[in-house]
There are 2 protein chains.
Amino acid sequence: MPTPDDAPNVANPDYWQFAQAAATRISQEFPECDVTANRLFVTLFRASSSVIYDFESSIHRPAGGTWASYRMLFALWVAGPLTPHRAAELMGMSRAAVSNLAGNLESKGLLVKQASEEDGRSLILHLTDSGQTKIQEVFARQNSRENDWSQALTEQERELLISLLDKIMDHRTAIGAKTRK
Amino acid sequence: MPTPDDAPNVANPDYWQFAQAAATRISQEFPECDVTANRLFVTLFRASSSVIYDFESSIHRPAGGTWASYRMLFALWVAGPLTPHRAAELMGMSRAAVSNLAGNLESKGLLVKQASEEDGRSLILHLTDSGQTKIQEVFARQNSRENDWSQALTEQERELLISLLDKIMDHRTAIGAKTRK
DNA sequence: TGGAAGTAATAAAACGTCTAACAACCTGCC
DNA sequence: GGCAGGTTGTTAGACGTTTTATTACTTCCA
């Protein structure tokens with residue numbers, strides 16, 4: 001007898017039902033575990049990666065870029081020229097990742113590395129004119145897609161979601177969460 | 001004159017303040033854009049990657065695994081033996097990624113690939129005893145860390161956050177979001 | 001019965017990320 | 001001045017992911 005369409009079939013869940021199915025399954029096997037916490041973070045990761053996947057595949061890949069390259073150009077656009085070190089801090093990635101990414105964007109002519117005059121070890125990453133144009137074009141499309149997604153929520157719910165996520169992040173230091181660097 | 005400690009310095013934000021700084025900056029340059037939507041998704045991605053980074057670096061790498069390997073073992077533990085195709089669906093990754101990941105886990109003796117009897121093209125992925133033991137150990141630590149993070153919110157807020165994320169995901173089809181496969 | 005079309009897993013190439021180790025450079029202290 | 005120890009960007013090696021192509025098998029239909 002088939003499961004009705006509106007009742008998630010826990011025995012055979014689809015991608016999004018998986019978080020709920022996992023909660024059901026682990027609470028049977030591991031009664032003392034924190035089922036809500038598990039479901040919360042499974043849901044957070046899946047929401048985040050689903051949205052990123054949509055952005056990357058519908059906007060950035062067709063424009064010849066990637067999610068990572070968008071993030072780098074966006075950071076430089078918003079914050080102005082940055083050292084690789086500072087860019088890594090702002091984007092939450094390792095200096096090695098920035099070095100790699102900056103190399104790729106440089107080879108596409110979207111940014112240039114300029115030697116620092118103050119510190120012989122350091123560089124400054126600048127958007128080129130082409131990079132500037134590119135990020136403005138791509139951001140317009142990205143933001144329009146962000147708007148599409150955000151229609152799922154009321155204005156009040158959007159603010160609420162942001163504040164809940166902020167609240168989790170404010171808790172980072174209290175639990176000694178590992179961070180890059 | 002220095003910025004007081006409790007006032008985010010928008011000109012020189014840290015990682016977490018970046019979302020707010022970006023919102024301020026783009027609304028100057030791009031007045032017609034949807035600032036809240038941008039801040040919402042920047043915040044979502046950063047919260048998600050910060051938490052994953054903590055999980056991976058404090059739990060999974062020290063245990064000799066990765067975030068991806070945890071996800072695969074968890075899926076097999078929760079759902080039982082799966083074809084690679086079905087595993088890809090449940091984990092939201094491509095079949096190629098599953099093939100690669102399963103190869104690595106097989107070489108560590110955590111799972112085995114068994115030929116399907118019904119379909120000569122297909123396989124079935126099974127946890128080994130060693131894989132079963134491993135996921136139970138690692139899940140206990142993962143869930144404990146999930147609990148630490150979730151202390152940032154009240155029980156009511158946790159349910160609220162889950163339901164807001166669910167609401168966004170329910171909106172996927174309405175906006176024709178790209179999904180894997 | 002055969003052939004066309006579809007599906008399963010894998011391989012290849014490109015990219016992104018991490019950690020660890022490196023060379024170049026800076027700073028501070030003797 | 002000169003050396004110790006820290007910082008900066010980079011490289012190497014490992015892993016994960018994506019898209020595209022390939023090979024093997026299945027299904028369907030004439």
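Here is the naming used below: chain letters follow the sequence lines, and residue numbers restart at 1 for every chain.
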So, is [X] near the phosphate of [N], with a side-chain N or O under 4.0 Å from OP1 or OP2?
X: A/R180; N: C/dC18; value: yes
X: B/K178; N: D/dT19; value: no
X: B/S122; N: D/dC25; value: no
X: A/T66; N: C/dG16; value: yes
X: A/K108; N: C/dA14; value: no

Revision key, fill the gap. By nearest-nucleotide position on DNA chain C, the 5'-leaning member of A/M93 and B/R121 is B/R121

**Study point:** Which residue lies more 5' along DNA chain C, comparing B/S57 with A/G120 via nearest heavy atoms
**Key:** B/S57

Between [X] and [Y], is any pair of side-chain heavy atoms under 4.5 Å apart?
X: B/E56; Y: B/T66; value: yes
X: A/D54; Y: A/W149; value: yes
X: B/I162; Y: A/L44; value: no

Rounded to the Å, how far apart are [X] [atom1] and [N] [atom2]?
X: B/M91; N: D/dG16; atom1: CE; atom2: C1'; answer: 12 Å
X: B/L101; N: D/dT17; atom1: CG; atom2: C1'; answer: 10 Å
X: A/R71; N: C/dT17; atom1: CZ; atom2: C1'; answer: 10 Å
X: B/R61; N: C/dT19; atom1: CZ; atom2: C1'; answer: 7 Å
X: B/D119; N: C/dG6; atom1: CG; atom2: P; answer: 17 Å
X: A/N100; N: C/dA14; atom1: CG; atom2: P; answer: 14 Å
X: A/Y53; N: D/dT18; atom1: OH; atom2: C1'; answer: 8 Å
X: B/F45; N: C/dG16; atom1: CZ; atom2: P; answer: 17 Å

Point to revise | B/Q132 vs B/D129, side-chain hydrogen bond (donor to acceptor under 3.5 Å, both in side chains): CA-CA, chis, key distance, verdict | key: CA-CA 5 Å; B/Q132 186 91 20; B/D129 289 348; over 6 Å; no

With sugar-phosphate meaning primed atoms plus P, OP1 and OP2, does [X] contact a base, only sugar-phosphate, or nothing at under 4.0 Å between heavy atoms?
X: A/T83; result: sugar-phosphate
X: A/A68; result: sugar-phosphate
X: B/A96; result: base

Exercise for review: Using the closest heavy atom to pick a nucleotide of DNA chain D for each, name whichever of B/G65 or A/S99 lands nearer the 5' end.
Suggested key: A/S99

Practice item. Would you please indicate if the ring centroids of A/F45 and B/W67 are separated by under 6.0 Å? Key: yes

